[in-house]
Structure formats: C-alpha cells, structure tokens
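Below is one structure; the comments refer to it alone.
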Amino acid sequence: MALEIYNTLTRKKELFTPLEPGYVGIYVCGPTVYSDVHLGNCRTFISFDVIYRYLKYLGYKVRYVRNITDAGHLEGDRDEGDDKFSKMARREKLEPMEIVQRYTLGFREVMQLLNTLPPTIEPTATGHISEQIEMTQQIIANGYAYEKEGTIYFDVEKYDKEKTYGILTNRKLEDLLEGTRELGGQEEKKGRLDFALWIKAKPEHLMQWPSPWGMGFPGWHIECSAMSNKYLGKRFDLHGGGMDLAATHHTNEIAQNEACFNESPAQIWMHTNMLTVNGTRMSKSLGNGFLPHELFTGNHPLLEQGYSPMTTKFFMLQTQYRSTLDFSNEALQASEKGLKRLWDAYTVLQKLTYTADTIDSELEEKVLKLVNGFEECMNDDFNTAKVLANMFELVPVINSIKDGLIKVSAITETTFTLLQEKMKVFLEDVFGLQQATEEGSGKLANVMELLIDIRKEAKAKKDFATSDKIRNQLTAMGIVVKDEKDGSVSWSA
RNA sequence: GGUCCUUUGGCCGAGUGGCUAGGCAAAGCUCUGCAAAAGCUUCUACAGCGGUUCGAAUCCGCUAGGGACCUCCA
C-alpha cells in the first residue's frame, strides 16, 4: 500500500503523489514566540516531525518549512492595538526582539529535548516584511483588498463571489456572516469577516515598518502566505498545523494565495488534533496548559510525578494525530511503563546474534507480517499507534528468544535481520525516540560493578540479608537490579 | 444559531462489513533464595433505539452525552 494522507480539504484519505517526483515540500505553521510553548503546541510539532522523518525514510527529498511568528500577531479580535510581542515587551520592560529571542530559544530547547529534527528552513515574519508588503500590493492590484486609513483589509465578500471562502472547513459565507458576533470598534471595515493584511501603527507602537501605506506592521495571516510562497512556491505538497488554525488562519491563507496568484497553495492540508485536559482543550487563553518543563520535572499541581521527554513523546505517538488526546497521570504512567518494556526488548534485540537451525514457519510468518506492518501502518495516514501495537506484539517473541524459550533459529536470518533493522529505523529514525534511561557513565558504572560483585558473593554464601540490603537500597535510589536467567546481573538507573 | 468531529472493556487508546488490536491495571501459573524482570493464561468491549445486510463496533436514521471551530491560540 502506498502512502495515503487525510486531506482536510476533501475530508478523506488521498493517495499521496508529490507534485515533483521524489521531492516533497511541506509548510507547517510554527509557534508565536511571545510566551513559552505548552504541551499542546508540542504535540503538533512532534506529529509533523514524525511525518517529516517518515517522508525522508520513504526516500523523498523533503523541504520542511516551519515559521517562527515574531510579529504581527494581534492580541484581541480587533484589528487594532498592540501585537502580542509589544504587549509582553512593555510588561517586562524589554525590547520586543528580546521577547522573541527568549521564547525562540526556549522553543528550540524543548524541541531538542523531545528529539525533533529542526526544519530545513525556519523563517521569521520580521525577516519577510518586504515579501508580505509585495503580496499585499498584488492582492490590492487584483482587487481583493482595500485601504482604510493606512490599514489594508482583505475583502472577503468580494472574494467569495468568485471563489469559495470557507472551502477548507466547509462553511458557507452566509453562515459565517450569521455566526460572527457583532464587534465594536471596527467600523472602517467593509465586511465583518474582512481581515487585515497590513495594519497602521500608532506612533508609540514598538514594532513598525515603512510601507506604501505609511508606517505599520503585517497582519498575522499574510506571513505564512508570503513565506510558503517564497520557499515552496505558489503550489506545494503539504500544509500542516493545529486544527484550531483551519477555520481562520488557513482559510485566510488560501484566500490570500488565491487572490494573489489565482492558485490554492497546498494540495493536501493536514491538521493535528488538540491535546485536552479533562476533556477540554489545552490552550494559553484558558490557562490550563502545561509547560514542557513542568511535565518533565513534575512541578505542577495536577501532576503526581515528572515524565521524561521520551515518555511524553511516546504517549503522544500512541494516538493517531487526528484524534484528540486527553492528558492524565494514569495515561502518562502507562506510557512510561510501556516505553520501558518496549525499549528494554529493543535493546535486547540489538544484542542478539543469529544462529541457523530449524525454522518455525508459523512464527516466521507472524514476525514477518508484524515487521512489514510498520510501513503499512505509517502509509495509512501515519498511524503511529498501530506501529507501536505491532512492536508490542514482537516484544514477547524477542524476550522469549533472550530467555531461550524460543530459539533465534526459529526464524530465518533474513527475517531476523529485518526485525533488527526495522525496529531500529522506526524507533530511532522515524519516531525519534532515544534511550530513555541513563546507563550511567564512568564512575557510576564502576561503583555498580563493585556492588553487584559484592552482592554476588553474598548470594553465593546464602547471605541474603546483605544481598537484599544492596538491592533494596539501590531500588530506593531508583536503580533497578535484575538477576537474569543466565546468572548475570543487569541494572538500570 | 451554523460547520464539523466524537462516544470502544477498570483506565488510555487502534480499528470504516465477517478474522484476538495494543499498552497500563487486575488475577492465576511458571521461573526465582525472595523479589524484580520475563513467559504463559484469564478478564473479549464497542452510548441507546431502530434500519440496511446472509453478517455491523464498522454503513444509514433518530435519541442522549462529550468536544472543537465560527474571536487570539498548535
């Protein structure tokens, strides 16, 4: 089965065919860096990281563009006043770019802890002001935008006469007009749904740039259109982002591109679902968000303990990206244990060596089916949850080989090698998971060797008081000692 | 009010017509000095009502609950 991706635009899974064979262009809406990213944001970026990695695994040359929004994002629902950066800068008595720098670095640090790959291009809104102005000019020239006192608005109703404005989320203009609340303070707009492409800045506004319409700053939506066009062209393969962006931000992006180039930007729109807490969406405005560091350290009233970045990531990968994922201590704990079991088996597998003997054709078939399933599951709209389920079914097989209950020789060497390789590739390269526990470096390893040795001697003398003391105290420190079947002793911290 | 999604066993969660998902938890057994780990086994669900079908968790309708979006948010 070839790769199929769910397209929000058509509301069904579609066979993925890149516009240019062998190459994939993908644009993902990145974070607005005026505050710390929360866990919900991370889910989206983890999802697209796995998608990016899998596309590379399939052999595509991928250009992965994820922007940093560092200007133009307005605070409220009115096209006036401060943007988020200026507001935060005033509050903290810093330059807006200091705010941007602080949270950009914080974002990158978190992404690194979660072991996600950097995008191939990470453009910023402030770095593309002229592109945004040019695009705005073209939209005006094409007749889809108008100026009111230095601010440029996109004319949604006019646009909808020729194109379909609500195409992405299947909404009719009349319904949208009806559903929109009456807002005060924007009499200058012609239509209620009109949004700003360029906003006139007040003299005291901290971030502003010269434009044909005077000093101002760009609207939020135009940055993504300008940057995707610059780096991926008028038409590219995939455009992604959180589901919350579909109805407004992405709808406006499509409208801008159509109005400017008479072409829709992406052939497939992908949307990741929300992370919820007690059934309600995690968001900045609701204040129910977890910061990654709070989760990693356990320093949060709702958390019973800390969970490692890899546990967090594994937790998210156990759910398909289009499903909502509810956050809970129980679920996280289950993921922590599950990941450990899976990773232990994986570690064991990599150390096994093959010896030839009699083949158990039933087992051979089962293993082969499960391993080949990795790719099939991913081809079905990136079903990471199903891949992990397959892996878990292989765990007893691996452990049984280790304990001698099944001989390695029960499967063919080809299958055994395939199993080793695919487990490694999918766990490390596609999912980007890493060694979850510290094996301990240098000194700790030496000390452990000594303790294990002393314990062995005690056990040989049936001095179980001493051997148990060593084991129990280590357990209390978080170091688990295991007596293996072959008489050896292993430990993990 | 509009658009759309969702309801799966104690918990989390795959699954779009027929075949046991999987993880965690729980119970029993094996192994073990005892543990832990591991292996084996058990717990077999699909909101309710109706319909389509030889056959439905899966398709259709209704009812009830939950959620998202329509306003800044991944």
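Just so we're on the same page: letters track the sequence lines, and every chain starts at 1.
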Worksheet entry | Euclidean distance, atom CG of residue A:Leu325 to atom P of B:C5 [Å, nearest integer] | 20 Å

Worksheet item: Under the ring-ring contact (aromatic ring centres under 6.0 Å, His included) test, which residues partner A:Phe107, sequence neighbours left out?
Response: A:Phe45

Worksheet item: Hey, does A:Ser335 reach any base, or is it just sugar-phosphate, or nothing, if we go heavy atoms under 4.0 Å?
Response: nothing

Practice prompt. Would you mind reporting whether A:Phe16 and A:Asp381 have side-chain heavy atoms less than 4.5 Å apart?
Written response: no

Item to complete: Please work out if A:Thr319 contacts a base, only the sugar-phosphate, or nothing of the nucleic acid, heavy-atom cut-off 4.0 Å.
Response: sugar-phosphate

Item to complete: Pick the P atom in B:A38 and in B:A45, then give their distance to the nearest Å.
Response: 28 Å

Practice prompt. Can you tell me, in whole Å, how much space there is between the C1' of B:C54 and that of B:U20?
Written response: 23 Å

Item to complete: Let me know the distance between CG of A:Leu193 and C1' of B:U3, rounded to the nearest Å.
Response: 14 Å

Worksheet item: Rounded to whole angstrom units, what separation is found between the CD atom of A:Glu4 and the P atom of B:U16?
Response: 11 Å

Fill in: Between B:U44 and B:G50 - C1' atom distance, rounded Å
26 Å

Item to complete: Give, ordered by number, those residues of residues 375-389 of chain A having at least one heavy-atom distance below 4.0 Å to an atom of RNA chain B; if nothing qualifies, reply none.
Response: A:Asn383, A:Lys386, A:Ala389

Discussion item. If you only use heavy atoms from C-beta on, which nucleotide in B:G23, B:C34, B:C70 is closest to the side chain of A:Arg171?
Written reply: B:C70

Worksheet item: Counting side-chain heavy atoms from CB outward, which of B:C70, B:G13, B:G33 is closest to A:Asp326?
Response: B:G13

Worksheet entry | Nearest-Å distance once atom P is located in both B:U41 and B:A21 | 15 Å

Worksheet entry | Atom CD of A:Gln112: over 12 foreign heavy atoms under 6.0 Å | no

Discussion item. If a pair means Watson-Crick or G-U wobble with both distances below 3.5 Å, what does RNA chain B look like in dot-bracket form, with | marking bases paired to a different strand?
Written reply: (((((((..(((.....[...))).(((((.......)))))....(((((..]....))))))))))))....

Discussion item. For A:Glu92, I'd like to know if atom CD has over 12 heavy atoms of other residues, nucleotides or ligands within 6.0 Å.
Written reply: yes

Discussion item. Pick the closest RNA chain B nucleotide for A:Asn390 and for A:Met282 by heavy atoms, then say which residue is nearer the 5' end.
Written reply: A:Asn390

Discussion item. Using 30° and 60° as the class boundaries, would you call the ring planes of A:Phe315 and A:Phe327 parallel, tilted or perpendicular?
Written reply: perpendicular

Worksheet item: Side chain of A:Asp380, backbone of A:Asn383: donor and acceptor closer than 3.5 Å?
Response: no

Practice prompt. Tell me what A:His38 touches on the nucleic acid: a base, only sugar-phosphate, or nothing, going by heavy atoms under 4.0 Å.
Written response: base

Worksheet item: Relative to A:Tyr6, does A:Arg322 satisfy both conditions: NZ or CZ under 6.0 angstrom from the six-membered ring centre, and within 45 degrees of the ring's axis?
Response: yes

Discussion item. Say we look at B:C24 and B:C40: how far apart would their P atoms be, to the nearest angstrom?
Written reply: 13 Å

Item to complete: To the nearest Å, give me how far apart CE (A:Met391) and P (B:A14) are.
Response: 17 Å

Practice prompt. Indicate yes or no: does A:Asp453 engage A:Lys456 in a salt bridge with an N to O separation below 4.0 Å.
Written response: no

Worksheet item: Who pairs with A:His271 by ring-ring contact (aromatic ring centres under 6.0 Å, His included), at least two apart in sequence or on another chain?
Response: A:His250

Discussion item. For the P atoms, the ones on B:U42 and on B:G22, what distance do you get once it is rounded to whole angstrom?
Written reply: 12 Å

Discussion item. Each nucleotide in nucleotides 35-41 of chain B should get exactly one letter: B, S or -. Can you fill that in based on protein heavy atoms under 4.0 Å?
Written reply: BBBBSS-

Practice prompt. Step through the shown structure and confirm whether more than 12 heavy atoms of other residues, nucleotides or ligands are within 6.0 Å of NZ on A:Lys158.
Written response: yes

Worksheet entry | Lys/Arg-Asp/Glu bridge criterion (N-O < 4.0 Å) met for A:Arg53, A:Asp49 | yes

Worksheet entry | Test: A:Lys407 and A:Asp360 ion pair at under 4.0 Å | no

Worksheet item: Nearest-Å distance, CG (A:Leu342) to P (B:G22)?
Response: 15 Å

Worksheet entry | Sidechain-backbone polar pair: A:Glu294 side chain, A:Leu291 backbone, donor-acceptor under 3.5 Å | yes

Discussion item. Using a 4.0 Å heavy-atom cut-off, does A:Phe464 contact any base of the nucleic acid, only the sugar-phosphate backbone, or nothing at all?
Written reply: base

Worksheet, complete the sentence: Here the distance between atom P of B:U71 and atom NE2 of A:His221, to the nearest Å, is 11 Å

Worksheet item: Is the CD atom of A:Glu365 crowded by more than 12 outside heavy atoms at less than 6.0 Å?
Response: no

Discussion item. Pick the closest RNA chain B nucleotide for A:Thr280 and for A:Ser467 by heavy atoms, then say which residue is nearer the 5' end.
Written reply: A:Ser467

Worksheet item: Does A:Phe45 lie flat on the base of B:A74, that is, centres under 5.5 Å apart and planes under 30° off?
Response: no

Worksheet entry | Touch class at under 4.0 angstrom, heavy-atom based, for A:Leu275 against every strand present | base

Worksheet, complete the sentence: In whole angstroms, the gap separating P of B:U71 from CG of A:Asp194 amounts to 13 Å

Item to complete: Would you classify A:Ser323 as touching base, sugar-phosphate or nothing, given that sugar-phosphate means primed atoms plus P, OP1 and OP2, and contacts are heavy atoms under 4.0 Å?
Response: sugar-phosphate

Fill in: Stretch residues 239-246 of chain A: residues that reach within less than 4.0 Å of RNA chain B through a heavy atom
A:Gly241, A:Gly242, A:Asp244, A:Leu245

Discussion item. If we check side-chain contact (heavy atoms from CB on, under 4.5 Å) with A:Leu113, which of these qualifies: A:Arg108, A:His293, A:Lys313?
Written reply: A:His293

Fill in: Same-atom distance (C1') from B:A14 to B:U6, integer angstrom
15 Å

Discussion item. Using a 4.0 Å heavy-atom cut-off, does A:Gln320 contact any base of the nucleic acid, only the sugar-phosphate backbone, or nothing at all?
Written reply: sugar-phosphate

Worksheet item: Any side-chain N or O of A:Asn170 less than 4.0 Å from the OP1 or OP2 oxygen of B:U3?
Response: no

Discussion item. For a quick check of understanding: with a heavy-atom distance under 4.0 Å over all strands, which category does A:Asn273 fall into, base, sugar-phosphate or nothing?
Written reply: base

Worksheet item: Between A:Arg455 and A:Ser467, is there a donor-acceptor pair closer than 3.5 Å when you use the side chain of the first and the backbone of the second?
Response: yes

Worksheet item: If we take the P atom in both B:A57 and B:G48, what is their distance in whole Å?
Response: 11 Å

Worksheet item: Is there a donor-acceptor pair closer than 3.5 Å between any side-chain N or O of A:Glu122 and the backbone N or O of A:Val65?
Response: no

Practice prompt. With heavy atoms under 4.0 Å as the rule, sort A:Thr276 into base, sugar-phosphate or nothing.
Written response: nothing

Worksheet item: Whole Å only: how far is the CG atom of A:Asn472 from the C1' atom of B:G33?
Response: 14 Å

